[in-house]
Novice: 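To start, I am sharing the structure in question, which I have written as structure tokens.
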2 protein chains.
Amino acid sequence: MEISTVNVNGLRAAARKGFLGWLGATGADVVCLQEVRAVPEQLPREAAAPPGWHVVVVPGEVKGRAGVAVYSRADPDGVRVGFGAEEFAGSGRYVEVDLGAVTVASLYLPSGEVGTARQEEKERFMEAFLPYLVRRRSEVEAAGRDLVVCGDWNIAHREEDLRNWRGNRRSSGFLPEERAWLSRVFGEAGYVDVVRALHPDQAGPYSWWSYRGRAFDNDAGWRIDYQVATPGLAARAASARVERAASHGARWSDHAPVTVSYS
Amino acid sequence: MEISTVNVNGLRAAARKGFLGWLGATGADVVCLQEVRAVPEQLPREAAAPPGWHVVVVPGEVKGRAGVAVYSRADPDGVRVGFGAEEFAGSGRYVEVDLGAVTVASLYLPSGEVGTARQEEKERFMEAFLPYLVRRRSEVEAAGRDLVVCGDWNIAHREEDLRNWRGNRRSSGFLPEERAWLSRVFGEAGYVDVVRALHPDQAGPYSWWSYRGRAFDNDAGWRIDYQVATPGLAARAASARVERAASHGARWSDHAPVTVSYS
DNA sequence: CTTATAAGG
DNA sequence: CCTTTTAAG
């Protein structure tokens, strides 16, 4: 089973610019999207109901913001929206889809800005989400199942995860408390950073490059999109890649798809 | 002397899309613009100070709205902003530039919408502008000079001036009272519709096509951009054309330049 | 720099 | 259907 995750930065714009071509060509069985930024009715038919795919779209309540989705070739056995936190119930930031013995989640963790209310919102999300992850792992493992939380976590974990880590030590997305929080996800919560586990020593592979300046051409990126799996599924990860080439020429998002093959 | 007038529908967007190429290639001596929708500081240098041109930009007070400009190869002898009406003093809708014995004005008459305050504003503008035109013709002719008011008048005069005149008899831009007002400009005020005078029998030539549907491809346009001249200058008009081809391929505005050669 | 938005056209 | 704006990212 192959799973891809990509923040499309507006599915309507991405669909116009090349996402649909990528979707048509991908060999993935499941595709998680973040920042759909549309309700299903606003999407072109080829994005809302592409032939051969089952589509779950969870828009945010605020028009044109957030929104997650899961495209799967198989018909989901179950779908759950949100993770129980009242504040984020309608925010379009989390959905779980059951596909056989694996639950695939699409997560769009809030992006923050130091010194602003948006950073506080990001922290509240993190605070509520970690205990959920802990509880959820117990549940899925007790049921003999696996969980992979795919998405834009908006945090680079280690120095290898962003090109300019020195210059970003006070930037939201690489703050010590954010990195420590991710360490708890990969530590006490018991999840595995699948791409890093397969590529322990490499810089990146980055999954996001700012549209400003020449960040993409210089590969001055951040690895903030993850597949975060329970250990049983993580052990089945055979290969992983960031589809940076999907962004070459006709770049259709500031993120690139993060794709993992599970045996 | 050749004069062009064109509503650029946002000079920043037009500059990105091909206006600068057109400006570099034109043989015109004077170019009047409407809907600049920017203050000079927001313009790229090639638009704010193109080599070989003197530029007068009159932005509107409301950010991103209206704004007229006159580009001339000769250095203007004088510049006057507005036409004396208090209400429209800072609206970025009228400027006169003296160039030798000819005064060239760039006009952006408000666009209206039937049944709304915007239609009332358009009517107030028309009511104040006609007496100004009458007085101004006396002044310039007494001084042995000429005046041509170039711009987007937002009114089609006669049935020949828009493709779908039957369907637009209740639309702002072709209302009986608007058409009658233009008849007064060309009648009692003593001005000449230069393009119509040179092409008395032809449909159009249209100068504006909606971006909606296939209006441009079907030439379903309106002739709402005029060169309205005092009779002395009008008599010197040798040829006129709408540069519809300037919009082919890389269309950089929903209007096309209206260009007249004066001997 | 790009995506949304809203109002204007 | 395009421009602008403002907010968000």
Side-chain angles (χ1 to χ4, degrees), chain A residues 7-17 19 33-39 42-43 59-60 62-67 91-93 108-114 116-119 121-122 152 154 171-173 208-217 220 222 224-225 247 251-255, chain B residues 7-17 19 34-39 42-43 59-60 62-67 91-93 108-114 116-119 121-122 152 154 171-173 208-217 220 222 224-225 247 250-255:
Chain A
N7 177 320
V8 290
N9 190 24
L11 182 47
R12 282 171 285 181
R16 281 196 304 271
K17 297 196 285 184
F19 165 75
L33 303 186
Q34 301 84 41
E35 283 208 85
V36 168
R37 299 178 75 165
V39 295
Q42 294 175 309
L43 297 173
V62 182
K63 282 184 79 172
R65 303 252 175 276
S91 65
R93 294 187 176 275
Y108 176 45
L109 198 142
S111 84
E113 190 178 4
V114 170
T116 71
R118 288 177 43 231
Q119 185 65 23
E121 185 192 349
K122 181 176 186 178
D152 179 357
N154 264 316
S171 303
S172 181
W208 174 79
W209 304 264
S210 171
Y211 274 126
R212 303 178 207 192
R214 315 200 193 319
F216 185 78
D217 294 338
W222 296 49
I224 57 178
D225 301 277
S247 300
R251 204 177 162 201
W252 44 266
S253 174
D254 47 351
H255 297 247
Chain B
N7 177 321
V8 290
N9 189 24
L11 182 48
R12 282 172 287 180
R16 280 197 305 272
K17 297 195 285 184
F19 165 75
Q34 300 85 40
E35 282 208 86
V36 167
R37 300 178 73 165
V39 295
Q42 294 175 309
L43 297 173
V62 181
K63 281 184 80 171
R65 302 254 176 275
S91 65
R93 293 187 176 275
Y108 176 43
L109 198 142
S111 83
E113 190 178 3
V114 170
T116 71
R118 288 176 44 232
Q119 186 65 23
E121 185 191 351
K122 182 177 186 178
D152 180 356
N154 264 315
S171 304
S172 180
W208 173 78
W209 304 264
S210 170
Y211 274 127
R212 301 178 209 191
R214 315 199 193 324
F216 185 79
D217 294 338
W222 296 48
I224 56 179
D225 301 278
S247 300
R251 203 177 161 199
W252 44 265
S253 174
D254 47 353
H255 297 248

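For the numbers below, each heavy atom of this structure counts, side chains included, while hydrogens, waters and symmetry mates do not. Within every chain, numbering begins at 1; the chains are lettered A, B, ... in the order of the sequence lines, protein sequences first and strands thereafter.
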Novice: When you measure from the side chain of A:Gln119 to the backbone of A:Glu113, do you find a donor-acceptor pair of N or O atoms at a distance under 3.5 Å?
Specialist: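 Between the backbone of A:Glu113 and the side chain of A:Gln119 there is a qualifying donor-acceptor contact (under 3.5 Å).
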Novice: Remember a base hit wins even if backbone is also touched, and classify A:Lys122 as base, sugar-phosphate or nothing at under 4.0 Å, heavy atoms.
Specialist: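 It contacts nothing in the nucleic acid.
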Novice: What is the distance, rounded to the nearest whole Å, between atom CH2 of A:Trp209 and atom P of C:dC1?
Specialist: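 Going from CH2 in A:Trp209 over to P in C:dC1 covers 19 Å.
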Novice: From the options C:dA4, C:dG9, D:dT5, select the nucleotide whose nearest atom is closest to the side chain of B:Lys63.
Specialist: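 The answer is D:dT5, which lies nearest to the side chain.
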Novice: With the side chain of B:Ser111 defined as its heavy atoms from C-beta on, choose the nearest nucleotide among C:dG9, C:dT5, D:dT5.
Specialist: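 Looking only at side-chain atoms, B:Ser111 lies closest to C:dG9.
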Novice: From CH2 of A:Trp208 over to C1' of D:dA8, roughly how many Å is that when rounded to an integer?
Specialist: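 Spelled out: CH2 on A:Trp208 to C1' on D:dA8 is 13 Å.
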Novice: Separation of A:Arg16 atom CZ from D:dC2 atom C1', in whole Å?
Specialist: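 After rounding, the gap between these two atoms is 12 Å.
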Novice: Can you classify the ring geometry of B:Trp208 versus B:His255 as parallel (below 30°), tilted (30 to 60°) or perpendicular (above 60°)?
Specialist: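 It falls in the tilted class, 30° to 60°.
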Novice: Where the side chain of A:Arg93 meets the backbone of A:Gly60, is there a donor-acceptor pair that is under 3.5 Å apart?
Specialist: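 Between the backbone of A:Gly60 and the side chain of A:Arg93 there is no qualifying donor-acceptor contact (under 3.5 Å).
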Novice: Determine whether a donor-acceptor pair (N or O, by modelled atom type, separation under 3.5 Å) exists between the side chain of A:Tyr211 and the backbone of A:Asp254.
Specialist: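 Confirmed, A:Tyr211 side chain pairs with A:Asp254 backbone.
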Novice: Quick check for you: among C:dC1, D:dT5, C:dG9, whose closest atom lies nearest to any side-chain atom of B:Tyr108?
Specialist: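 Nearest to the side-chain atoms of B:Tyr108, counting from C-beta on, is C:dG9.
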Novice: Would you mind telling me which residue lines up with the more 5' stretch of DNA chain C, A:Arg214 or A:Arg12, judged by nearest nucleotide?
Specialist: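 Closer to the 5' end of DNA chain C: A:Arg214.
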Novice: Tell me what B:Asn9 touches on the nucleic acid: a base, only sugar-phosphate, or nothing, going by heavy atoms under 4.0 Å.
Specialist: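 B:Asn9: backbone/sugar contact only, no base atoms under 4.0 Å.
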Novice: So, does A:Asn154 use its side chain to make a donor-acceptor pair with the main chain of A:Leu109 at under 3.5 Å?
Specialist: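 Looks like yes, one N/O pair under 3.5 Å.
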Novice: Taking atom C1' of C:dC1 as reference, at what distance in whole Å does atom CZ of A:Phe216 sit?
Specialist: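 Those two atoms, CZ and C1', are 14 Å apart.
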Novice: Taking the minimum atom-to-atom distance to the side chain of B:Glu35, which one of C:dT3, C:dT5, C:dG9 wins?
Specialist: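 Of the options given, the side chain of B:Glu35 lies nearest C:dG9.
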Novice: Quickly work out the B:Asp152 CG to D:dT3 C1' distance and round it to whole Å.
Specialist: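 Taking CG of B:Asp152 and C1' of D:dT3, I get 14 Å after rounding.
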Novice: Give the rounded distance in Å between these two atoms: CZ of A:Phe19 and P of C:dT3.
Specialist: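 So the two atoms are 15 Å apart, to the nearest Å.
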Novice: When you get a sec, tell me which of C:dT3, D:dT5, C:dG9 is the closest nucleotide to the side chain of B:Gln42?
Specialist: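 My answer, after comparing the listed nucleotides, is D:dT5.
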Novice: Starting at atom CG of A:Asn7, determine the distance to atom C1' of C:dT2, rounded to an integer number of angstrom.
Specialist: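 Result: 12 Å.
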Novice: With both distances under 3.5 Å as the test, what is the Watson-Crick or G-U wobble partner of D:dC2?
Specialist: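 Answer to the pairing question: C:dG8, which forms a Watson-Crick or G-U pair with D:dC2.
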Novice: So does A:Arg212 get a side-chain nitrogen or oxygen closer than 4.0 Å to the phosphate oxygens (OP1/OP2) of C:dT3?
Specialist: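 No, A:Arg212 has no side-chain N/O under 4.0 Å of OP1/OP2 on C:dT3.
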Novice: Counting just side-chain N and O atoms, does B:Arg118 come under 4.0 Å of either OP1 or OP2 of C:dG8?
Specialist: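 Negative; the distance criterion is not met.
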Novice: Mark yes or no for a side-chain to base donor-acceptor pair under 3.5 Å between B:Arg37 and C:dG9, with no hydrogen or angle criteria applied.
Specialist: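 Under the 3.5 Å cut-off, the side chain and the base do not form any donor-acceptor pair.
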Novice: Quickly work out the A:His255 NE2 to C:dC1 P distance and round it to whole Å.
Specialist: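 In whole Å, C:dC1 P and A:His255 NE2 are 18 Å from each other.
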